Amino acid sequence: KEAVRLFEEWRGGGEAPEKDIRSAVYSLVSRVGDEKRFEEMRGMYREAILPDEKERLGESLGLFRDKTLLREALKFAMTKDVRPQDFFDIYGAVGRNIVGREMIWPFLKKNWSKLLAVYGSGGHKIPRVVEPLGSLTDAKVAKEIETFFKNKNVGVERTVSQVCERIRSNSEWRAREEKNVLKWLS
């Protein structure tokens with residue numbers, strides 16, 4: 001509630017939250033935000049001049065709890081409004097978001113040729129496209145990822161191996177501990 005109050009006061013003409021807490025304010029506002037708030041924050045992103053402000057706002061666009069808004073955030077990340085190096089703020093946030101993480105694998109497959117054209121085969125940024133997949137928890141998806149990248153030879157082989165290992169580990173942990181965690185939480 002306090003984050004929303006600070007944000008609304010600022011947007012209503014008051015003082016901006018201090019820079020050292022602004023990321024937290026944006027994140028919390030996004031997590032409870034609706035379409036109107038998403039559009040407001042996307043507009044703020046477009047208007048932001050400083051790279052650190054774009055980073056804070058970009059990440060917050062990937063933290064909403066509505067899948068429609070997260071799909072919109074991913075589409076937005078591919079537009080000319082988002083610099084290639086800033087794509088990862090939005091994409092990575094969606095990948096870390098429990099509501100959105102399942103969306104990034106289909107998104108990556110659908111947009112692979114565009115992403116490869118932007119970041120280049122063997123480039124130092126292309127592994128960052130693969131890394132967020134490590135938050136997934138389905139071992140079947142790990143196999144799909146390995147198959148997808150098997151003959152790509154674009155410099156992500158090690159990253160794919162690490163991501164798939166992490167997915168399998170997540171899957172094993174979930175199978176082993178999910179009932180205990182749910183019992184403990186109830």
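Keep in mind the model is a prediction, meaning the values are calculated, not measured. What's counted below: heavy atoms across the whole structure, side chains too, no hydrogens, waters or symmetry copies.
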Are Arg128 and Tyr119 in a cation-pi setup, meaning NZ or CZ lies under 6.0 angstrom from the ring centre and within 45 degrees of the ring axis? no
According to a 4.5 Å side-chain heavy-atom criterion applied to Ile, Leu, Val, Met, Phe, Trp and Tyr, with indirect links allowed, do [X] and [Y] form part of one hydrophobic cluster?
X      : Y      : result
Leu28  : Val32  : no
Ile98  : Val141 : yes
Trp173 : Leu136 : no
Met103 : Leu63  : no
Phe88  : Leu50  : no

Going through the checks in order, is the side-chain contact (heavy atoms from CB on, under 4.5 Å) test met by Trp10 and Val25? CA-CA 11 Å; Trp10 173 39; Val25 169; over 6 Å; no
Between Glu40 and Arg37, is the salt bridge (charged side-chain N to carboxylate O under 4.0 Å, His left out) condition met? List the steps. CA-CA 5 Å; Glu40 180 179 15; Arg37 185 71 74 200; 2.9 Å; yes
What is the distance from atom CZ of Phe7 to atom OG of Ser60, rounded to the nearest 0.5 Å? 8.0 Å
Rounded to the nearest 0.5 Å, what's the gap from CD1 on Ile145 to CD1 on Ile167? Could you check?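 If we round to the nearest 0.5 Å, Ile145:CD1 and Ile167:CD1 are 3.5 Å apart.
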Side-chain heavy-atom pair [X], [Y] within 4.5 angstrom cut-off:
X      : Y      : value
Val94  : Phe107 : no
Met41  : Val29  : yes
Gln85  : Pro51  : no
Lys125 : Val129 : no
Glu72  : Phe64  : no

Could you tell me whether a side-chain N or O of [X] sits under 3.5 Å from a main-chain N or O of [Y], the two making a donor and an acceptor?
X      : Y      : answer
Ser27  : Ser23  : yes
Thr147 : Lys143 : yes
Ser171 : Arg168 : no
Ser169 : Glu165 : no
Asp66  : Asp34  : no
Arg5   : Lys1   : no
Asp81  : Arg46  : no
Asp89  : Leu57  : no

Arg11 and Glu8: salt bridge (charged side-chain N to carboxylate O under 4.0 Å, His left out), yes or no, with the steps? CA-CA 5 Å; Arg11 299 299 290 165; Glu8 289 178 350; over 6 Å; no
Given Arg65 and Leu69, is the side-chain contact (heavy atoms from CB on, under 4.5 Å) satisfied, shown in steps? CA-CA 8 Å; Arg65 297 296 193 207; Leu69 297 178; over 6 Å; no
Between Ser135 and Arg101, does a side chain to side chain donor-acceptor pair (under 3.5 Å) hold up when you go through it step by step? CA-CA 7 Å; Ser135 67; Arg101 68 180 171 202; 5.2 Å; no
Check against side-chain contact (heavy atoms from CB on, under 4.5 Å), Asn170 and Arg166: CA-CA 6 Å; Asn170 293 345; Arg166 194 171 320 123; 4.2 Å; yes
Taking Tyr26 as the fixed residue, which of Arg56, Glu59, Arg31, Glu53 is the one that meets the side chain to side chain donor-acceptor pair (under 3.5 Å) rule? Glu53
Is the Phe87 ring parallel, tilted or perpendicular to the Tyr91 ring (thresholds 30°, 60°)? parallel
Evaluate whether atom CG of Leu185 has more than 12 neighbouring non-hydrogen atoms of other residues, nucleotides or ligands under 6.0 angstrom away.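 Counting neighbours around CG of Leu185, more than 12 heavy atoms of other residues, nucleotides or ligands fall under 6.0 Å, so yes.
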